[in-house]
Amino acid sequence: MKDKFYSYIENLQDTITEALEILDGKAKFQQDFWERSEGGRGRTRVIENGAVFEKGGVNISKVYGPLPKSMQAYFGVEDVDFFACGLSLVIHPKSPMVPTVHANWRYFEMYDKSGNIVDQWFGGGQDLTPYYLFEEDAEHFHRICKKACDAHNPEFYPIYKKKCDDYFWNAHRNEARGVGGLFFDYCKATDEMTMEDWYNFVSEVGDSFLEAYVPIVSKRKELPYTQAQRDWQEIRRGRYVEFNLVHDKGTLFGLKTNGRIESILMSLPPHVQWRYDHHPEKGSEEEKLIEVLQSPKNWV
């Protein structure tokens, strides 16, 4: 399964980066290969200063070896080995009219000292972070997420939509990071779902990503915007940074397992503002966004 899934994300990385380069029309992804001394490697692809995308990364990695002691306590295990692989992407467009997007699809195995698999699971999801709220964009993104889920179980979408709203919650700000999408973790074999079934589900979600995001970018990338709207985008990006550095489990896992720091922190936007005690004007488009972030809604 680990070889099958890694092969899948290698191909998915190619598909996504090629589509985003075409959409940008100017910039190309820079590629880096890296090795992890304890075991593992990765292929990082970063795009910067494009016509559409100010900064973005589409990264794949696989890491393995003894599970670090700092993570043993987290998983409630002792002396075990692990394997983890996944694709992680974050795209920060230049225009405040185009939303930031994040996605991640991953697979994890744990072994005893004889090399036997003692646990295995899938995780992942995709979520949208707009700076200006176009409700039809949020509806489109969620509709594609729901379609991917419904192909496997009609109960998945409402469950994983709620998990996404709960996970991407900036508790110290009492607001969501964005308008959500899907979040699932610890997807293990059950009487209803084999690991092969979970693979089929996760790969369906991964394959749906471009259909969920590209039409939104195409629709919004040419819209005019003001410097004040760009300032608002950078203020909201600050909240994005806060979530990734304070709450995000993927960042924590990468740092605790001696991952490549440049790849872990590629999710951070290049231009950000933190203004003291900033509040949008009453009745403004900016306030409209905040109202939805404070009370996540059902989009489909």
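Just so you know, residue 1 is the first one in the sequence shown, and it goes up from there.
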Open item on the list: Aromatic contact between Tyr160 and Phe183, with the criterion being ring centroids under 6.0 Å apart: yes or no?
Closed with: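 Here the rings of Phe183 and Tyr160 have centres that are no less than 6.0 Å from each other.
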
- [ ] Output all residues satisfying ring-ring contact (aromatic ring centres under 6.0 Å, His included) with His172, sequence neighbours left out; order by chain, then residue number.
- [x]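 Per chain and number, His172 pairs via ring-ring contact (aromatic ring centres under 6.0 Å, His included) with His247.
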
Task: Any donor-acceptor N/O pair, Asp81 side chain to Tyr111 backbone, under 3.5 Å - done: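 The answer is no, because no donor-acceptor pair under 3.5 Å joins these two groups.
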
Show the atom names and distances, to 0.1 Å, of all donor-acceptor pairs under 3.5 Å that link a side chain in residues 149-156 to residues at least two apart or in another chain.
from: Asp150; atom 1: OD2; to: Lys146; atom 2: NZ; distance (Å): 2.7
from: His152; atom 1: NE2; to: Glu204; atom 2: OE1; distance (Å): 2.9
from: Asn153; atom 1: OD1; to: Glu155; atom 2: N; distance (Å): 2.8

Open item on the list: With heavy-atom distances below 4.5 Å as the criterion, would you say the side chains of Asp32 and Arg260 are in contact?
Closed with: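 Of all side-chain heavy-atom pairs linking Arg260 with Asp32, at least one is under 4.5 Å.
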
Task: Side chain proximity check, Gln126 to Trp105, heavy atoms < 4.5 angstrom - done: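 Result yes, sub-4.5 Å side-chain heavy-atom pair found.
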
TODO: Answer yes or no on whether Lys4 is positioned over the face of Tyr199, meaning its NZ or CZ is under 6.0 Å from the six-membered ring centre and within 45° of the axis.
DONE: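 Yes; both conditions hold, so Lys4 lies above the ring face of Tyr199.
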
- [ ] Each residue besides Trp274 in its hydrophobic cluster should be listed here, by chain and number; the cluster joins Ile, Leu, Val, Met, Phe, Trp and Tyr at side-chain heavy-atom distances under 4.5 Å.
- [x]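 Besides Trp274, the cluster holds Val241, Leu245, Leu255, Ile261, Ile264, Leu265, Leu268, Val272.
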
- [ ] Identify the residue among Tyr8, Trp198, Tyr107 that makes a ring-ring contact (aromatic ring centres under 6.0 Å, His included) with Phe122.
- [x]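 Only one of Tyr8, Trp198, Tyr107 forms a ring-ring contact (aromatic ring centres under 6.0 Å, His included) with Phe122, namely Tyr107.
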
- [ ] List the atom of Phe134, the atom of Met97, and the distance in Å for their closest heavy-atom pair.
- [x]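 Smallest interatomic distance, heavy atoms only, reads CE1-O, 3.8 Å.
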
Open item on the list: Would you compute the distance between atom CG of Leu23 and atom OG of Ser218 and round it to the nearest 0.5 angstrom?
Closed with: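 Reported to 0.5 Å precision, the distance equals 5.0 Å.
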
- [ ] Just say parallel, tilted or perpendicular for the rings of Phe168 and His102, cut-offs at 30° and 60°.
- [x]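 Correct class here is perpendicular.
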
